[in-house]
Amino acid sequence: MSEKKTVNFRILIKWFWGLLLGGILSICLVFLLASWGALGELPTFEELENPKNDLATEIISSDGKTIGKYYLKANRTPIKYKDLPENLVKALVATEDERFYEHSGIDFRGLARAVAKLGKGGGASTITQQLAKNLFTKRASSNKIKRIIQKVKEWVIAVRLERQYTKKEIITMYLNTQDFIFNAVGIRSAARIYFGKEPKDLDLQESAIIVAMLKNPRQFNPNRKISKKKSLNRRNVVFAQMYKNGFITEQEKDSLQKLPLKIKFTPESHSDGLATYFREHLKKFLKDWVKKNPKADGELYDIYKDGLKVYVTIDSRMQQYAEEAMTEHMSNLQKYFFAEHKKNKNAPFYDIERDDIRKIINRAKTNSDRYKRMKAEGKSDKEIEKAFNTKTEMSVFSWKGDRDTVMTPYDSIRYYKYFLRSGLVSIEPQTGHIKAWVGGINNKHFKYEAVKQQKRQVGSTFKPFVYATAINQLKRSPCDKLPNTPYTIPKEKYGMDDDWTPKNAGNKYGGELTLQRALANSVNVITARLIDEVTPINVARLAKSAGISTEFQANPSIALGAIDLTLLEMTSAYSTFANKGMRVTPMFITQIEDKNGTVLETFVPKTKEVLSEESAYVVLNLMEGVTKFGSGARLRTTYNRPKYITGYPYSFNNAIAGKTGTTQNQSDGWFMGTVPNLTTGVWTGGEDRSTHFIGLDKGGGASMSLPTWAIFMRKCYEDKSLNISKADFEEPNDLSINVDCEKHEQKKDEKGNEEKKDGDADDF
């Protein structure tokens with residue numbers, strides 16, 4: 001080799017090593033500059049220790065199920081490593097970072113491969129780097145230079161994260177921060193939304209689908225029609241990677257890859273899932289609660305970001321049964337309501353003039369989101385009126401699911417007026433715990449809530465408070481008889497404007513009736529006699545003591561329920577009878593914790609005695625008559641019923657104390673029913689009181705609300721884990737009031753015969 005060639009070769013070697021070392025030194029310098037903050041601010045030690053992430057507030061039922069969350073952007077609830085299934089961790093490492101357990105944040109082998117192949121041989125981003133990006137890179141820049149700087153910073157952060165956390169913690173944090181779209185932020189939300197289960201319950205193919213989405217949650221999403229095929233292919237890549245890394249056998253890989261793509265999409269939004277109306281009520285409560293319970297530094301908790309855990313009394317199983325019962329009955333009843341109004345020219349209204357109908361429609365217009373939005377935009381009344389008369393595309397509620405249609409906003413208002421609404425609330429009398437809360441038929445389309453917000457006339461469901469007052473004050477027996485004849489209370493007696501003479505349904509009078517029969521058949525004139533005996537003020541006092549918080553005038557008409565009350569008030573007051581006369585204030589929260597599990601407040605019920613245990617038992621005995629031979633007897637009978645009585649026959653044979661209620665013109669239908677450890681109330685009616693059935697057969701409480709109660713209770717009884725009682729109500733040891741009316745009549749007959757004999761002897 002010539003001397004010239006030797007010199008050139010040495011120069012080339014020097015250049016090679018110079019470039020190599022210069023490149024390495026440059027990379028080191030870049031890393032040093034980045035770590036010193038020269039390329040932009042890096043997270044502090046404290047921020048690495050406690051990365052800031054919005055955490056959704058979680059609502060946890062009494063049986064340990066998450067029934068909802070509050071969040072603005074991130075529906076995220078972090079979990080711990082022990083809650084991750086092993087198959088998910090293996091699938092993640094095999095697919096996203098094969099040398100995860102070997103590197104310290106940066107995979108230099110993968111990086112060299114990516115550089116050599118210009119990125120065509122796969123990316124070099126480790127799980128730790130992806131975590132750094134999730135935590136501290138708000139948005140990847142589209143500018144190449146800026147993105148390179150972001151990438152360098154992510155490398156530095158990744159190395160620091162590896163020093164700060166264990167491998168298990170890094171995997172957990174990564175899965176907790178990943179956005180899987182469709183409101184699924186974090187692995188827990190993803191497992192619940194895509195598969196309807198907790199992460200620990202994911203099987204291997206479900207875990208593979210989750211890992212497949214990590215590459216790009218939108219492009220490889222199993223729920224989007226356009227991306228299902230790509231999701232399937234990517235899932236199969238995950239199986240191939242697991243085989244390559246020795247986590248599954250070739251036979252397992254082949255059989256798994258043949259499986260169809262299967263998910264159980266369960267969206268979680270504020271209008272989806274269980275107990276939507278209850279969650280809205282709870283949210284209002286929490287917004288008030290945080291104002292009165294600040295953090296130690298004086299800052300207020302944010303229910304959308306601070307990851308509170310709210311433990312509620314709702315039982316997810318009972319809530320599910322309640323919602324199913326309402327859907328089953330109301331979807332059926334609505335068909336008959338539509339059919340009845342086909343011949344009604346003012347449908348869906350009765351009893352009012354067209355001017356009144358226009359007022360109702362106009363009031364609904366001004367309360368609508370469309371009207372408020374147009375007003376906010378500065379539109380004139382003329383423009384708004386034109387818009388409400390112009391046909392437009394919209395999606396409307398139907399019992400078969402939302403349907404797309406074209407109609408004017410005015411037509412849509414009238415369309416929604418056709419739908420009967422309903423509410424159900426169920427309370428455990430001994431604890432006051434609210435176990436189920438259904439505030440309406442569909443929270444997305446019908447926002448007005450029927451458990452706590454709405455007040456409607458209660459009708460005959462108020463009568464037990466009149467009877468309870470008579471029993472508690474006068475020791476009245478269910479077997480006592482009163483004349484079934486018209487009864488007038490003069491106006492001057494209670495300061496009324498006119499004399500009060502209530503009428504029986506169907507104007508049926510004559511003879512005498514026991515109190516048991518009178519309540520069972522809702523006989524108005526006997527209730528009027530009773531309230532006159534005990535006075536309206538005493539009835540009002542007992543009702544308020546039992547849980548009626550609404551202020552009302554204590555006049556004789558309350559005997560027939562001529563007052564507007566909430567369903568929650570009525571159900572809570574009825575619970576007092578089932579709890580031996582002890583009032584327990586209804587409660588729906590047991591405990592609130594912060595994101596670290598520190599208890600912020602524990603809630604306990606308040607109790608007070610309303611009436612004696614004996615009086616409460618006698619009232620229950622009276623109300624049992626309603627379900628044995630009165631307006632609620634269809635709970636027990638098995639003969640054929642019309643098809644609008646959903647779910648019939650019910651065939652209950654256990655102790656049930658209940659009361660139906662129907663207000664004027666069938667505007668409201670009620671059924672209140674209690675067994676020893678559960679009291680449930682149901683209300684049904686139109687949004688407007690002029691929206692109703694024309695007759696009692698379909699429009700009475702026994703047809704509108706009792707079926708929902710019956711279906712709900714049947715489902716509860718079928719679920720043995722709930723332990724809903726079928727026992728008799730517990731009789732007090734020192735019962736002094738006679739409740740056995742058949743035995744009472746027999747004794748009375750025997751006494752009469754003896755007196756007759758004595759009389760004959762004297763005459764003789």
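- Exactly one residue among Gln319, Lys715, His329 makes a side-chain hydrogen bond (donor to acceptor under 3.5 Å, both in side chains) with Glu324. That residue is Lys715.
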message = Could you walk me through whether Phe265 and Phe195 satisfy the ring pair (Phe, Tyr, Trp, His ring centres under 6.0 Å) test, starting with their C-alpha distance in whole Å, then the side-chain angles of each, then the deciding distance to 0.1 Å, before giving a yes or no?
response = CA-CA 6 Å; Phe265 190 66; Phe195 303 105; over 10 Å; no
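- Put simply, the residue from Ile314, Leu722, Asp315 that forms a side chain to side chain contact (heavy atoms under 4.5 Å, CB included) with Asp63 is Asp315.
- Salt-bridge formation is not detected for the pair Glu280/Lys447: no Lys NZ or Arg NE/NH1/NH2 atom is positioned less than 4.0 Å from an Asp or Glu carboxylate oxygen.
- Side-chain contact check for Lys167 versus Phe100: some heavy-atom pair is nearer than 4.5 Å.
- With respect to Arg188 and Asp83, no salt bridge is recorded, no charged nitrogen being found less than 4.0 Å from a carboxylate O.
- Between Phe588 and Phe603, a ring centre-to-centre spacing not shorter than 6.0 Å is recorded.
- Note: Phe419 and Tyr416 have tilted aromatic rings, judged against thresholds of 30 and 60 degrees for the angle between ring planes.
- Glu58 has no carboxylate O lying under 4.0 Å from a charged side-chain N of Lys69, or vice versa, which leaves the two without a salt bridge.
- Side-chain N or O atoms of Thr598 include none that pairs as donor or acceptor with a backbone N or O of Asp594 at under 3.5 Å.
- By the 6.0 Å and 45° rule, Lys305 does not stack over the aromatic ring of Tyr71.
- A cation-pi geometry, defined here as NZ or CZ lying under 6.0 Å from the six-membered ring centre and within 45° of its normal, does not hold between Lys253 and Phe239.
- Each of Asn236, Asn223, Leu261 was scored for a side chain to side chain contact (heavy atoms under 4.5 Å, CB included) with Ser231, with one residue passing: Leu261.
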